[in-house]
Amino acid sequence: DKRSFRHFMHKEIHEQPETVALWVARHLPEGALVALPLDESVYEGVERIQILACGTSRHAAQVGAHLLEQLAGLPTAVFYASEFRYAPPPLEPHTLTIGVTQSGETADTLAALAMEQDRRFLVADPAYAPRLLGITNRPESSLGRLVPHLLDIGAGIEVGVAATKTFLGQLLAFYGLALAFAERRGGTAHPLGGGRTPAQLRELVEQLRALPAVLQRLVDDHDRCCAELAHLFADTQDVIFLGRGINYPIAMEGALKLKEISYIHAEGYPAGEMKHGPIALLDARVPVVSIAVPGTVFEKVLSNAQEAKARDAQLIGVAPACPDTELFDVLLPLPEVDELLSPLLTVIPMQLLSYHIAAHRGLDVDQPRNLAKSVTVE
Ligand code: F6R
């Protein structure tokens, strides 16, 4: 049922404030920092984390790694499942392996997890025993049968092939997990880097609780802005998405969304890498979408955007409205938010931009060519 929406993808983008509201109600109860339905053994003695995933799920994992490192001080590595399965890194002890797949059926992710489990079973030292956790929207899936511990993102059925609300659900699962680890690790700044104080963690949780209303306004506003922008991309062949830090994976996600449903070539880059090659691509025909959130890398991202402007690129900013962001030709304005929470907001214009561009081109948004909702082949 698409209700009044022309496409499921559009409907599912609009369902995201509700996805967050449900998650907040379930997992951020009054009087506790965070409550996840996980056994204590998932957290005990974990010293490092590796995450295996594909596509959009891998982008959620990259945001998750940033959170686990910066909030909980846990070293975290993210792998393409399809690469990991044929070239896994040397085994390390006390490692939690997380598989992220919204469908729970992605062949590469399942095979990588099974391989990791098998090779760890062969080691006699219990420090190397397999510890597997799955994050999915389908607890009844093959993933659910493979791993002993599961976080169900509970985003409801997603019909559009392009992942939108399940991506947001995966992000939320990682916020929960990073908070839970941070709390158990004392919530203090880790001596070797990363970590936040208990008061800072509580402040983050307060902002998460307030998020559904913020997100609702953002979805409505950016829906209008992106619909108006779509015609600018009528003849566009290439788009560059730039972000840094926790928003670098969101730039990657913006590019992936645009590629898969509008068939426009797009690249996501950490903005600081532009000068090492890709800047040669820029001219007036290549729009640049730049995610600039106040915090650790705000000025850096703005100066990277300035470099693109000097090459005549059309600049679209996902950034707060302020004097610093007047360099953008078009602004998709962001409300004030902690930088660590910003991916939950910055992903919305990524989704809406690609949706409206594809719809404007008259494409089959919900069933893009060559793609399927579950990729059950290698
Ligand atoms: C992008 C998309 C794909 C999937 C990828 C992994 O919108 O849908 O990139 O994210 O095929 O799928 P899951 O999460 O089911 O493992």
Side-chain angles (χ1 to χ4, degrees), residues 7-13 15-16 19 51-64 78-85 97-114 132-147 150-174 241 249-264 266-268 343 347-355 357-359 363-378:
H7 299 101
F8 279 108
M9 181 184 177
H10 201 202
K11 171 175 170 272
E12 287 156 1
I13 292 171
E15 282 170 353
Q16 291 175 113
T19 309
I51 317 179
L52 316 178
C54 304
T56 286
S57 293
R58 199 183 67 90
H59 298 150
Q62 287 179 298
V63 174
V78 179
F79 296 90
Y80 288 102
S82 57
E83 291 293 314
F84 184 94
R85 57 186 294 197
T97 302
I98 305 178
V100 190
T101 160
Q102 63 79 22
S103 65
E105 301 296 347
T106 297
D108 281 319
T109 307
L110 295 175
L113 285 167
L132 263 48
L133 167 68
I135 296 180
T136 187
N137 197 35
R138 295 295 186 106
E140 73 291 355
S141 62
S142 304
L143 176 79
R145 289 188 293 278
L146 178 67
V147 299
L150 212 55
L151 268 182
D152 176 6
I153 63 174
I157 300 284
E158 186 174 70
V159 179
V161 162
T164 54
K165 64 175 178 171
T166 56
F167 175 75
L168 197 84
Q170 290 167 343
L171 291 187
L172 292 168
F174 278 114
F241 288 81
I250 302 300
M252 300 288 291
E253 176 59 7
L256 178 60
K257 281 283 151 301
L258 192 64
K259 279 183 266 208
E260 66 181 334
I261 63 165
S262 69
Y263 317 144
I264 296 174
E267 300 277 353
V347 70
I348 303 296
M350 303 295 121
Q351 299 168 343
L352 284 166
L353 208 50
S354 46
Y355 170 73
I357 292 170
L363 298 171
D364 188 351
V365 173
D366 288 329
Q367 291 290 333
R369 66 187 182 202
N370 308 337
L371 296 175
K373 189 74 189 158
S374 293
V375 185
T376 53
V377 294
E378 181 173 355

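Order of appearance sets the numbers: ligands from 1, and atoms from 1 within every ligand. As a basis for the values below, the full set of heavy atoms in this structure was taken, side chains included, without hydrogen atoms, waters or symmetry mates.
Shortest contact from atom 13 (P) of ligand 1 to any protein heavy atom: Thr106 OG1, 3.2 Å. For atom 11 (O) of ligand 1, the closest non-hydrogen atom of the protein is Val375 CG2, 3.9 Å. Of the protein's non-hydrogen atoms, the one nearest atom 3 (C) of ligand 1 is Thr56 N, 4.1 Å. The nearest protein atom to atom 6 (C) of ligand 1, hydrogens excluded, is given as Cys54 O, 3.4 Å; this is a heavy-atom distance.
Of all the atoms in ligand 1, the ones that sit under 4.0 Å from a non-hydrogen atom of Ala162 are 7 (O). Near Ser103, with a cut-off below 4.0 Å to any heavy atom, the atoms of ligand 1 are 13 (P), 15 (O). Those atoms of ligand 1 with a heavy atom of Ser57 less than 4.0 angstrom away are 10 (O), 13 (P), 14 (O).
Considering Glu260, Gln102, Lys257 in turn, Lys257 is the only one that fulfils the side chain to side chain donor-acceptor pair (under 3.5 Å) rule with Thr56. The only option from Ser374, Ser141, Ser142 that meets the side chain to side chain donor-acceptor pair (under 3.5 Å) definition with Glu105 turns out to be Ser142. For the salt bridge (charged side-chain N to carboxylate O under 4.0 Å, His left out) with Lys165, the lone residue among Glu12, Glu158, Glu15 that qualifies is Glu15.
At least one heavy atom of Val161 sits less than 4.0 Å from an atom of ligand 1. At least one heavy atom of Lys257 sits closer than 4.0 Å to an atom of ligand 1. Heavy-atom separations between Ser374 and ligand 1 are all 4.0 Å or longer.
For ligand 1, the polar-atom distance check against Ala163 finds a nitrogen or oxygen pair separated by under 3.5 Å.
Closest approach of Arg58 and Met252 over heavy atoms only: NH2-CE, 4.4 Å. Contact between Thr109 and Val100 at its shortest, heavy atoms only, is CG2-O, 4.0 Å.
With values rounded to the nearest 0.5 angstrom, Lys11 atom NZ is found 12.5 Å from Tyr355 atom OH.
Counting only distance, with no hydrogens or angles, the side chain of Thr136 and the backbone of Thr101 share a donor-acceptor pair below 3.5 Å. Under the 3.5 Å distance criterion, the side-chain polar atoms of Asp366 are matched with a main-chain donor or acceptor of Phe8.
For atom 2 (C) of ligand 1, the nearest non-hydrogen atom from the set Glu260, Gln170, Gln102, Gln351 comes from Glu260.
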